[in-house]
Amino acid sequence: MLTKKVFYKQSKKGTILKIVREHYLRKDIWCGCKGCVKCALEEKDMILDACPVSKCSLLSDPHYIFLDTNAVLDQIDAIEDPYLENIIIPQTVLDEVKHRSSSVFKRLKEVIFDKKRKIYVFVNEHLKATYIERRVGETVNDRNDRAIRKAATWYQEHTGVKSVLLSDDIANREKAVEKGIFAFSLSDYAEATDSATLSERLCAKRWSERRGEDSTDVFPAHLPPAAVHHGLKAGLLLQGVFYASKENCLEATVITDKHNVLIQGRASLNRAIDGDTVAVELLPKEEWVAPSNLVIESEEAEDEVKVEREINEEERQVTGKIVAIIHRKWQQYCGILQLSPIKGHTYHLFVPAKRHIPKVRIETRQGEKLASQRLVVAIDGWPRHSRHPQGHFVRALGKIGDKETENEVLLLEHDIPCSKFSDAVLADLPSNDWTITPEELAKRVDLRNIIVCSVDPPGCTDIDDALHCFKLPNGNYEAGVHIADVSHFIRPGTALDKEAALRATTVYLVDKRIDMVPDLLSSNLCSLRGGEERLSFSCIWELTPNAEIISTRFHKSVIKSKAAMTYEAAQAIIDDVSDESELAQSLRGLNTLAKVLKKRRMENGALSLASPEIRFRVDSETHEPLEVVSKKMRETNSMVEEFMLLANVSTAEKILEEFPEVALLRRHPEPPPANFDPLIKAAHHQGFEIDISNSKKLSESLDKAIKPNDSYFNVMLRILATRCMLQAVYFASGVTQRSEFFHYGLAAPLYTHFTSPIRRYSDVIVHRLLAACIGADATYPDLMDKRKTDKLCQNLNYRKRMAQYAGRASVALHTHLFFRERIENEEGYILFVRKNALQVLIPKYGLEGTLLLSSKDKKNPSPFVFNNDDHTQRAGDIVFHAFDRLVVRLYVDRSNVQHERLIMNLVEPSIPGFSVCSLGDLVPTEEEQVPPPQVIS
């Protein structure tokens, strides 16, 4: 049967358009029930039990569960609980959820595909018996609620099994009861079951039922939307993203188009959470303040931020207060449960693993059981008169301190997609015995006879790049970079392509790798392994002995790597003067050219920065860290880096020339001068001046800042310079001004990523653009759409940033595990001097930690005095500056299973009453020192 929907729409010119949409109705849409004799069901369509057992004391009769749209949107955490079975999702609900929330829709689909849950999608909108027209004057929401009730009624009559509608809409429930349908709120239904988790996973909206321990009058009311809109339009308010400080829980920054606004104090933070989009009102200029320079980890320490001091005018920053939340960016958070001190209490505080996220009040009857577990909790809201946001328990991850549990926490906290590749993605892969066909070989340049090799870290299996070099008869060199041709296997628009675009990057942890593409590609068919024929994308230059580029050419090719080497092995071949093989000559030619390329880059103003890099040697069976090894840099590291940089620059120039609007490039913005203040002050205290007028002057200043008696000083300075930088980002050339294309760190006018398509999706897009440039492949609409490229770049930047953070967190986790059974005294250097702490770097472990100088014991106050003028800490005759050397004791405090922490204690210099001695006790003060015993003859 065919029905028609007629709409009338007014065009921009004022003409009235009549739009007719055809809607097909059928009689042969099945119910999905195993016991049904009316429907011609195949076995794969029999999903619902014929006689579903009731698990709810409100209704003992067998019944099917129906959910309305708001129940799904608000209570998806509860719906994911496997306790609920035999659920019918009408098409009306599925369509509305898809329209209103893509994230909830994705989670709902995963629940539906779980066959154990017995969930059936009923296509009620195309069944003649259940389809309804929208009435005159009826809202879309009311029509959809009526369609759900109609579907529930039809099921009850069709199967003889009761229908139960779960909805938090009182009016919807009342109308359902009038139609003879049982209807309950989700909370009433959940609490009438014997599930330990179902009711706790419900979104907590009944704030009036909360206990009084969270009551506060600190927070002002948020402005209504109309007032916010007027304030933004009139310029009285600014809109920006809220970033909570990771060192001070009572301080934050709001980044707007005009200013970076400092927010200080609980009332001014006004219930904003990291990542929220907020409306901020600037304070009068005389009320502007400077960052507090305090390390505050406890939310209860508000008095500390109020300590007043004289502020120099140049230290003052634009300061404001949050007046409204425009958009919440709440997510699920991992952490631990802080039990209420009241025995038997069901309201507890959840402490997120991320220190800049506030504690969350949740209700659970499993407090004692969950106290030793890592939990996932979702935030539901933050009422004005509540000291903490309110949330609900989602699930337990595992025991606190367990390595697998902590790894899962790490991945969840950094939003790393780590699920197994779906069947649809795996279906796009070639067969395991794939080989290069003669037809494919005919389309490519055959380079199998050239001496090509790869140089990578030990244990690398996803080999993206290989190199070659030989001398030409005219005295010049031919050098080539050959990159795995991943775009040959990942075709646009496929499930494999969409998954790679979502993941955006491979994530490297200490003990595992989360691949962007399935292992068949990453470690096999795309990996340029030694002795195997592989498809590649080649960038080949003719270079003079002075590394001047004579010509550049790109082509799809086939290579056969002669060797897959480590940096150490390649260096050994270069250094072995007796080795005159073609491979050795190729490596030496590459190394010689790379030195010239690097020298020229540095002369042009490229920066040589530093970061503490280490790697763990882990047990092959337990994967526990055994020892820490600092990464050694050899000439071969620099050799590979220089040619990868050259290939990226050459590719950027080519794709921008051919596609000036849609080239995917990478830029590194120049940091604002204020970013360099810590570096300039720290160097000045050590007797060095840093010129930041441009990258070349900065590079020269860093080169000159050398202490003959302290080899690590210059490294420290470069580490600090790295902290001053902004992050490099991907962008679409058509949406960014040409003046902003410059890469500050590399001193390169143009740059992109071409050399790692196995582990970066940005490189896959660049390969497609480059292939289109040389006629090796065709373009497609999304590739030529600068808006879609810009949107893709936003995800690439986000995923790359999260992958970096996850990698660092993995190093921190394994450092923590390494010190569980150890107590070590190690040499460290002061990175920053804070008002109540020292930020200390331990070079041996690449570890950065906080050495707190304040004291909570009023009878035994801290001996340290902070000098704000020169940013030093003084205790008697001892003064701490940035870059000063000290010795600290490192150990893990395991006295509280919930709060295992890596602790730093000062050993040297010795400060009575504060430092610890070799035995671990405090160095005694003069009053506490005991005289030696007298010898009596």
Side-chain angles (χ1 to χ4, degrees), residues 425 428-430 436 440 443-445 462 464-465 481-506 516-518 521-522 525-526 528 534-540 552-559 644 647-666 729-736 750-797 799-800:
V425 169
D428 288 334
L429 295 174
I436 302 170
E440 186 61 38
K443 300 176 188 176
R444 296 172 177 262
V445 177
D462 52 344
D464 285 290
D465 54 86
V481 166
H482 312 276
I483 306 302
D485 189 5
V486 179
S487 61
H488 174 82
F489 298 96
I490 303 180
R491 303 307 298 165
T494 60
L496 176 58
D497 182 46
K498 291 174 182 176
E499 182 67 21
L502 171 70
R503 296 187 178 216
T505 182
T506 294
M516 182 184 79
V517 295
L521 295 183
S522 65
L525 301 183
C526 290
L528 306 182
R534 289 291 181 257
L535 301 180
S536 62
F537 209 147
S538 299
C539 174
I540 298 175
T552 306
R553 63 185 190 273
F554 300 93
H555 47 67
K556 294 281 186 108
S557 57
V558 178
I559 66 167
M644 296 306 112
N648 288 335
V649 170
S650 298
T651 303
E653 292 168 352
K654 182 69 175 178
I655 63 174
L656 184 66
E657 178 185 1
E658 189 74 23
F659 300 111
E661 287 293 301
V662 295
L664 192 155
L665 303 174
R666 188 163 174 82
V729 291
Y730 297 106
F731 68 101
S733 57
V735 297
T736 305
L750 290 175
Y751 192 68
T752 191
H753 274 161
F754 161 73
T755 54
S756 296
I758 293 177
R759 58 186 178 90
R760 290 192 303 238
Y761 188 74
S762 57
D763 303 49
V764 175
I765 296 296
V766 170
H767 276 225
R768 291 174 182 170
L769 289 167
L770 188 59
C773 289
I774 63 173
D777 208 342
T779 62
Y780 55 96
D782 282 5
L783 190 67
M784 296 293 103
D785 188 329
K786 65 182 180 183
R787 298 297 171 192
K788 289 190 176 179
T789 301
D790 181 54
K791 187 176 180 181
L792 173 66
C793 288
Q794 293 175 25
N795 182 59
L796 294 177
N797 292 327
R799 293 293 179 197
K800 185 171 181 64

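Every residue two or more places apart in sequence or in another chain that forms a ring-ring contact (aromatic ring centres under 6.0 Å, His included) with Y751 is listed here: H743, H753. A search for side chain to side chain contact (heavy atoms under 4.5 Å, CB included) contacts involving V425 returns F421, S422, A495, L496, E499, P518, not counting sequence neighbours. Applying the salt bridge (Lys or Arg N to Asp or Glu O under 4.0 Å) criterion to D777, with sequence neighbours excluded, gives R491. D785 is linked by a salt bridge (Lys or Arg N to Asp or Glu O under 4.0 Å) to nothing, counting only residues two or more places apart in sequence or in another chain. Under the rule for a side chain to side chain contact (heavy atoms under 4.5 Å, CB included), the partners of E440 that lie at least two apart in sequence or sit in another chain are I436, T437, K443, R444, H488, L535. Residues forming a side chain to side chain contact (heavy atoms under 4.5 Å, CB included) with S733 (at least two apart in sequence, or on another chain): L656, A663, L665, F741.
No hydrogens or angles considered: nothing links the side chains of N648 and S650 as a donor-acceptor pair under 3.5 Å.
With salt bridges taken as basic N to acidic carboxylate O contacts below 4.0 Å, one links R760 and D763. Between R768 and D497 there is a salt bridge, since at least one side-chain N of the basic residue sits less than 4.0 Å from a carboxylate O of the acidic one.
We find the NE2-CD1 distance between H767 and I655 to be 10.0 Å, quoted to the nearest 0.5 Å. Rounded to the nearest 0.5 angstrom, F554 CZ and K654 NZ are separated by 7.0 Å. Expressed to the nearest 0.5 Å, how far CZ of F659 lies from OG1 of T779 amounts to 6.5 Å. Note that SG of C526 and CZ of F489 are 5.0 Å apart. Values are rounded to the nearest 0.5 Å.
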F754 vs I483, side chain to side chain contact (heavy atoms under 4.5 Å, CB included): CA-CA, chis, key distance, verdict: CA-CA 8 Å; F754 161 73; I483 306 302; 3.5 Å; yes
Side chain to side chain donor-acceptor pair (under 3.5 Å) assessment of S536 paired with S557: CA-CA 5 Å; S536 62; S557 57; 2.6 Å; yes
Verdict with supporting geometry, D462 and R759, salt bridge (Lys or Arg N to Asp or Glu O under 4.0 Å): CA-CA 8 Å; D462 52 344; R759 58 186 178 90; 5.4 Å; no
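In this structure a side-chain-to-backbone donor-acceptor pair under 3.5 Å is missing from T755 to M644. Judged by distance alone, with hydrogens and angles left aside, the side-chain atoms of R799 form a donor-acceptor pair with the main-chain N or O of L502 at under 3.5 Å. Of the possible donor and acceptor atoms, none in the side chain of S538 sits under 3.5 Å from a partner among the backbone N and O of K556. At least one donor-acceptor pair under 3.5 Å links the side chain of N795 to the backbone N or O of A501.
Side-chain contact between T552 and I540: absent, with no pair of heavy atoms (C-beta onward) separated by less than 4.5 Å. Between I758 and T506, every side-chain heavy-atom pair lies at or beyond the 4.5 Å cut-off.
Residues H482 and F537 place their aromatic rings such that the two centres sit no closer than 6.0 Å.
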